[in-house]
Amino acid sequence: MAVRPVETSGTGDLYLVVLEELPEVAINAEISEVSIDPSGRIAELERELQAKDEYLQTTLEEMETTNEELKSTNEEMQSVNEELQSTNEELETSKEELQSVNEELSTVNAELQDRVVDLSRANNDMNNLLAGTGVGTVFVDHDLRIARFTPAATQVINLIASDIGRPLEHVATNFASYDRMTDDIREVLETLVPKEAEVQVKGGAWYLLRIRPYRTMENLIEGAVITLVDISSRKRTEESLRRSEARLNVVVNQAFGGVSETDLDGRYLFANDWLCQLLGFSREEMLRTRLADITEPEDLARYQASIGSLLGGGPDIRVNRRCVRKDGRRIQVHERISAVRDATGNATSLLLLTFDRASGAEEPHRD
């Protein structure tokens, strides 16, 4: 029998079944093959069955071995899982610690930001303070390199913003005759003893130069500070006072009378040449003498009473008294005494004009 599919254009599948009759020789041959002794076939099947049993036994043993390995692997996996859980717990703890540290860092960062703001404000205040005082200031380190300076310092030292970090000795100055500033700075850094000097610049102005060590809050020396204070007005005032004092000394010492000043206890603070010659004392001896020492004892009480009235707020006085010269001789003098007072009206000293009555230089005044 033979079955073949038939291709058609219609729906459904069609098969062609062909039956052919076999010849007798083929039928006898097939019967002879079937009629072979079955004991050999059974033995072959038993061998196949035994081989399959052995294969099955081997497979079972392999499966048991694999099962044991899987159990061991499972136990290892459980152990690893437990370790992972422990690691996870440690990570959770570390995470909490990191969060705590992060919060602390946030707090510290906020504090640092506040300090930065405060430092910036303090720096601005310091810059405005140094600029507002009008005092020239230059900061240098141990190597005399410029660290900072104020605008007022540029009037004496030719500094610009790009000079920061340069050695101070490389910068030109406007000093007229002072050329040892760097040497003085090094000396201050070595001895830690401040130095001062009055220096004049080429334009004629005068400055008070101060050099001091730069000390930190921990009392560490980190360089030097140079300050320049304009003292031109003070120098002009001093010069004017010097000239006035010179003129006054000439007038006082050439006067035809004694001019002197004493403290409130009567000790001489000043005496002109005329008074020294009248009393026979040198100027040094006069400055060690008091009014009571050269006044006749009989006139002393009345004389001190008049001075007491003046110091109590009374008007200027005129008195006659007898003075004792260095040689012991008595002379008659007439004095005009005034009180030198401070801004509050309190007497600070006495000013005396003394005339020799014997010379007739002053008309005597009777008390």
(message) Regarding Glu239 and Arg242, does a basic nitrogen lie under 4.0 Å from an acidic carboxylate oxygen?
(response) yes

Let me check something: any side-chain donor-acceptor pairs from residues 75-95 under 3.5 Å, sequence neighbours excluded? List them with distances.
from  : atom 1 : to    : atom 2 : distance (Å)
Thr87 : OG1    : Glu83 : O      : 2.8
Thr93 : OG1    : Glu89 : O      : 3.0
Ser94 : OG     : Glu90 : O      : 2.9

(request) For the residue pair Glu169 and Thr182, confirm or rule out a side-chain donor-acceptor distance under 3.5 Å. (result) no

(request) Please determine if Arg145 and Asp141 form a salt bridge, counting it only when a charged side-chain N lies under 4.0 Å from a carboxylate O. (result) no

(message) Strictly distance-based, threshold 3.5 Å: is any side-chain N or O of Asp299 a donor or acceptor partner for the main-chain N or O of Arg321?
(response) no

(request) Would you indicate whether the side-chain heavy atoms of Asn320 and Val333 approach each other to under 4.5 Å? (result) no

(request) Scan Glu335, Glu298, Arg322 and name whichever one has a side-chain hydrogen bond (donor to acceptor under 3.5 Å, both in side chains) with Tyr303. (result) Glu335

(message) Just by distance, no angles: are the side chains of Asp316 and Ser338 close enough, under 3.5 Å, to form a donor-acceptor pair?
(response) yes

(request) Among Ile, Leu, Val, Met, Phe, Trp and Tyr joined by side-chain contacts under 4.5 Å, find the other residues sharing a cluster with Leu49 and list them by chain and number. (result) none

(request) Give a yes or no answer on whether the side chain of Thr107 reaches the backbone of Glu103 with a donor-acceptor pair at less than 3.5 Å. (result) yes

(message) If you define the side chain from C-beta out and look only at heavy atoms, does anything of Met63 sit under 4.5 Å from Asn67?
(response) no

(message) Is the shortest side-chain heavy-atom distance between Asn272 and Leu275 below 4.5 Å?
(response) yes

(message) Taking the basic N atoms (NZ, or NE/NH1/NH2) and the acidic carboxylate oxygens, is any pair closer than 4.0 Å for Arg115 and Asp118?
(response) no

(request) Give a yes-or-no answer on whether the side chains of Asp293 and Tyr268 include a donor-acceptor pair shorter than 3.5 Å. (result) no

(request) Kindly give the heavy-atom pair with the smallest separation between Arg341 and Gly314, and that separation in Å. (result) NH2-O, 4.0 Å

Show every donor-acceptor pair shorter than 3.5 Å between a side-chain atom in residues 220-231 and any protein atom, with sequence neighbours excluded, or say none if there are none.
from   : atom 1 : to     : atom 2 : distance (Å)
Asp230 : OD1    : Ser232 : N      : 3.0
Asp230 : OD1    : Ser232 : OG     : 2.7

(message) Side chains of Ser240 and Arg236, heavy atoms from C-beta outward: is any pair under 4.5 Å?
(response) no

